[in-house]
> 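If you scroll down you'll find the structure; I have some questions about it.
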Amino acid sequence: MAVQAFAAVVAVVAVLAHSAAATAAAAPAVPAKGPVTYVFGDSMSDVGNNNYFPLSLAKSNYPWYGIDYPNGVATGRFTNGRTIGDYMADKFGVPSPPPFLSLSMVDDDVLGGVNFASGGAGILNETGVYFVQYFSFDEQISCFEMVKKAMIAKIGKEAAEVAVNAALFQIGLGSNDYINNFLQPFMADGQTYTHDTFIRLLITTLDRQLKRLYGLGARKVVFNSLPPLGCIPSQRVHSGNGKCLDHVNGYAVEFNAAAKKLLDGMNAKLPGARMALADCYSVVMELIVHPEKHGFTTAHTSCCNVDTTVGGLCMPNSRPCSDRKAFVFWDAYHTSDAANRVIADLLWDAMPSAGSGGAATTPLAASPAPSPSRAP
C-alpha cells in the first residue's frame with residue numbers, strides 16, 4: 001500500500017532523529033541535529049511564504065487564522081493553528097522548516113530544512129494565476145536551487161551534494177490544479193482537456209519537475225496523494241444535498257493511481273531514487289466518514305461557516321464555531337488544527353515501530369543537517 005511505502009520513508013527518518021537526540025544527550029555541548037526536510041506545496045503546507053508577496057490574494061495572515069497557534073498569532077498558515085507538517089516535525093523532534101522567503105542565503109539556516117510551499121500553487125504553472133503572486137511548483141524548485149547554491153558556497157559542492165541526497169523531500173501539490181483550475185468554468189484547462197488528457201498533462205509535468213529535483217540531488221521523496229477533494233466543504237455546496245461529489249473524488253483517485261505509477265517508474269529507472277506516495281486520501285476520508293471516532297462532531301461543513309462565501313476563507317468578519325476542536329474543516333478548503341493533529345497521528349501510527357527491524361533495514365533515510373564547521 002502507498003501508506004506503507006510512505007511509512008518506510010518516515011520511520012527511518014524517525015530512527016535517525018532519535019539517534020541524533022541520543023548522541024546530543026551523551027555530549028550536551030553539541031546541539032542535536034534532526035532530519036533535514038524540504039517542503040514543497042500549496043496552502044496546506046504554506047507556513048508564511050505568501051506573507052512576503054504584497055499583491056498575493058492567497059494570504060491568511062489575519063484573524064481568525066492562527067487563533068489556536070502559540071500566542072494566537074496568524075503566521076500565514078491556512079488553518080486555526082498548526083499544519084500537518086508542523087505536527088510531523090514535532091514527532092521527528094525537530095523545528096518545523098521556516099518559510100524560504102524568511103531566510104537570508106548567507107546565513108547558516110540554509111543548511112537546515114526549508115519550506116517552499118505557497119498558497120495557490122499547483123503542479124501546472126497556470127494553476128492559481130488569479131492569486132496574482134505565489135510560487136508555482138516550478139518556482140519553488142528554482143528557490144531550492146538557490147538554497148543549494150548557498151549551501152555549496154558554505155560547505156563545498158561535495159558536502160552539499162551529500163546533504164541534499166540524504167534529505168527528505170516532502171511534496172503536497174495537485175489539489176489546486178483541480179479546485180482552482182480544472183473544475184473552474186472560467187479557467188481554460190477545464191474547457192480544453194477531458195479528464196483523461198488533463199491527468200496526462202499533470203503527470204507529464206510532474207515527471208519533468210521530479211526529474212529536475214532529482215538532478216538537483218533529491219533522492220528521498222514523499223509525494224502526498226490528493227485527499228477526497230469532493231468532500232471538502234467548498235465542493236459539497238455544489239452537490240445540492242450537501243453530500244460529497246463522487247466524480248471529483250473519482251478524479252482524485254485516478255490522479256493518485258497515476259502518480260503512484262510515475263513514482264514507481266522513477267524508482268526503477270533513476271539510480272538511488274526512493275520515492276513514495278503518502279496515502280492522504282484514505283487518512284482524510286477516515287476522518288470524514290468516522291469523525292466521532294477521532295473526537296469530532298462535524299465533517300461536512302467548516303468551523304468558519306464560509307462554505308458558500310466567495311473565496312471560502314475565514315475572514316475577520318467571519319464567526320468561527322464555538323468548539324473549534326469538533327470540526328474536521330476550518331474553512332471551505334483547509335482542515336482544522338485538531339484534524340491536522342489527528343492526520344499526523346494516523347500517518348505516524350501507520351509507520352512500522354521506530355525500533356523495528358523493517359524500519360532499520362529500509363534503504364530510505366534522512367540525515368542531520370550539515371554543520372558549517374565542515375566547510376572545506
Side-chain angles (χ1 to χ4, degrees), residues 41-46 50 56-60 62 64-65 77-80 83-84 117-124 126-132 134 172-187 189-190 195 198 224-253 255-256 280-281 283-285 287-289 291 296 298-321 324 326-340 343:
D42 52 30
S43 54
M44 285 295 293
S45 306
D46 192 346
N50 280 17
S56 178
L57 299 181
K59 287 187 178 181
S60 58
Y62 49 80
W64 298 94
Y65 290 95
R77 288 163 169 83
F78 288 75
T79 185
N80 55 310
T83 67
I84 298 167
S118 178
I123 293 168
L124 304 178
E126 62 264 32
T127 292
V129 66
Y130 53 79
F131 294 123
V132 186
Y134 63 100
L173 287 156
S175 293
N176 282 324
D177 293 292
Y178 284 94
I179 302 302
N180 288 308
N181 187 348
F182 185 73
L183 295 173
Q184 293 293 350
F186 54 84
M187 293 293 288
D189 284 354
H195 187 245
F198 186 64
N224 295 337
S225 75
L226 295 185
L229 295 174
C231 293
I232 67 175
S234 72
Q235 294 303 297
R236 283 180 184 261
V237 297
H238 298 301
S239 69
N241 58 9
K243 294 189 180 298
C244 298
L245 295 179
D246 290 340
H247 73 284
V248 176
N249 281 347
Y251 291 162
V253 170
F255 171 82
N256 292 340
C280 296
Y281 186 99
V283 169
V284 175
M285 186 63 90
L287 270 64
I288 291 169
V289 176
F296 301 100
T298 309
H300 66 283
T301 189
S302 63
C303 171
C304 280
N305 193 28
V306 289
D307 304 357
T308 59
T309 304
V310 174
L313 297 182
C314 193
M315 304 298 287
N317 62 350
S318 304
R319 292 187 177 182
C321 57
R324 297 184 292 274
F327 281 69
V328 171
F329 290 95
W330 167 244
D331 60 23
Y333 302 96
H334 307 100
T335 42
S336 66
D337 172 88
N340 290 340
I343 291 167

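For the numbers below, each heavy atom of this structure counts, side chains included, while hydrogens, waters and symmetry mates do not.
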> Is it true that C304 and C314 have SG atoms closer together than 2.5 Å?
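The answer is yes, since C304 and C314 bring their SG atoms under 2.5 Å apart.
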
> Considering all heavy atoms of both residues, which atom of Y333 and which atom of S234 are nearest to each other, and what is their separation?
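Closest heavy-atom pair between Y333 and S234: CE2-OG, 3.2 Å.
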
> Kindly say whether G119 contributes a backbone atom to a donor-acceptor pair with the side chain of D46 at under 3.5 angstrom?
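Yes, because the side chain of D46 sits within donor-acceptor range (under 3.5 Å) of the backbone of G119.
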
> Are the side chain of S225 and the backbone N or O of C280 linked by a donor-acceptor pair below 3.5 Å?
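Looks like yes, one N/O pair under 3.5 Å.
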
> Report yes if some heavy atom in the side chain of Y130 is under 4.5 Å from a heavy atom in the side chain of L57; otherwise report no.
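Contact flag for Y130/L57 side chains = no.
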
> First locate atom CZ of R236, then atom CG of N241, and finally report the distance between them rounded to the nearest 0.5 Å.
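Here the interatomic distance stands at 9.5 Å.
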
> Is it the case that the side chain of W64 and the backbone of R319 share a donor-acceptor pair, with hydrogens and angles ignored and the cut-off at 3.5 Å?
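No, W64 side chain to R319 backbone: no donor-acceptor pair under 3.5 Å.
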
> Quick one: pull up CG in N176 and CD in Q184 and give me the separation to the nearest 0.5 Å.
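Answer rounded to 0.5 Å: 10.0 Å.
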
> For E126 versus M187, what's the shortest heavy-atom pair and its separation?
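Where E126 meets M187 most closely, the heavy atoms are O-CE, 3.7 Å.
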
> Just by distance, do the side chain of S239 and the backbone of G242 share a donor-acceptor pair under 3.5 Å?
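Pair found, side chain donor or acceptor close to backbone of G242.
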
> Looking at every heavy atom in both A121 and D42, which two are closest together, and how far apart are they?
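Residues A121 and D42, closest heavy atoms: O-CB, 3.6 Å.
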
> Check the angle between the aromatic planes of F198 and Y178 and answer parallel, tilted or perpendicular using the 30° and 60° thresholds.
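F198 vs Y178 ring planes: perpendicular.
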
> Between F131 and N50, does the side-chain contact (heavy atoms from CB on, under 4.5 Å) criterion hold? Intermediate values first, please.
CA-CA 10 Å; F131 294 123; N50 280 17; over 6 Å; no

> Could you walk me through whether F182 and H195 pass ring pair (Phe, Tyr, Trp, His ring centres under 6.0 Å), step by step?
CA-CA 9 Å; F182 185 73; H195 187 245; 5.7 Å; yes

> Can you name the one residue among I288, T298, T301, D307 that meets side chain to side chain contact (heavy atoms under 4.5 Å, CB included) with F329?
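Exactly one candidate clears the test, I288.
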
> Could you check whether any side-chain heavy atom of T83 comes within less than 4.5 Å of a side-chain heavy atom of H334, counting everything from C-beta outward?
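Counting from C-beta outward, T83 and H334 never come under 4.5 Å.
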
> Calculate, to the nearest 0.5 Å, the distance between atoms CG and CD1 belonging to L226 and I179 respectively.
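It is 9.0 Å, given to the nearest 0.5 Å.
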
> Do you know the tightest heavy-atom contact between S302 and V306?
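Heavy atoms of S302 and V306 come nearest at OG-N, 3.2 Å.
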
> Do Q235 and L183 make a side-chain contact, defined as non-hydrogen atoms from C-beta onward lying under 4.5 Å apart?
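Yes, side chains in contact.
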
> Of all the heavy-atom pairs spanning T127 and G122, show the shortest one and how long it is.
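Looking at all heavy atoms of both residues, the shortest contact is CG2-CA, 3.9 Å.
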
> Flag the pair Y251 / L229 as yes when at least one side-chain heavy-atom distance between them is below 4.5 Å, and no otherwise.
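No - every pair of side-chain heavy atoms lies 4.5 Å or more apart.
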
> Nearest 0.5 Å, what's the CD1-OG distance between I84 and S45?
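The CD1 atom of I84 sits 7.5 Å away from the OG atom of S45.
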
> Is V132 close to S56 at the side-chain level, that is, under 4.5 Å between some pair of heavy atoms?
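With C-beta onward as the side chain, the pair stays apart.
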
> Under 4.5 Å between any side-chain heavy atoms of I343 and T335, yes or no?
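Sidechains of T335 and I343: in contact.
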
> I need the minimum non-hydrogen distance between P228 and N249, along with the two atoms involved.
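For P228 versus N249, the nearest heavy atoms are C-OD1, 3.1 Å.
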
> When L124 is tested against each of L173, V129, N181 for side chain to side chain contact (heavy atoms under 4.5 Å, CB included), which residue passes?
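It is N181; the other options fail the test.
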
> Side-chain contact test, heavy atoms from C-beta onward, threshold under 4.5 Å: evaluate it for D337 versus W330 and give yes or no.
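No; the side chains remain at least 4.5 Å from each other.
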
> To the closest 0.5 Å, what do you measure between CZ (F327) and CG (N80)?
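Nearest 0.5 Å value for the CZ-CG distance: 11.5 Å.
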
> When you compare the side chain of Y62 with that of M315, does any pair of heavy atoms fall below 4.5 Å?
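In short, these two side chains touch, coming nearer than 4.5 Å.
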
> Taking the two cysteines C244 and C231, do their sulfur (SG) atoms come closer than 2.5 angstrom to each other?
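Disulfide present: SG-SG distance under 2.5 Å.
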
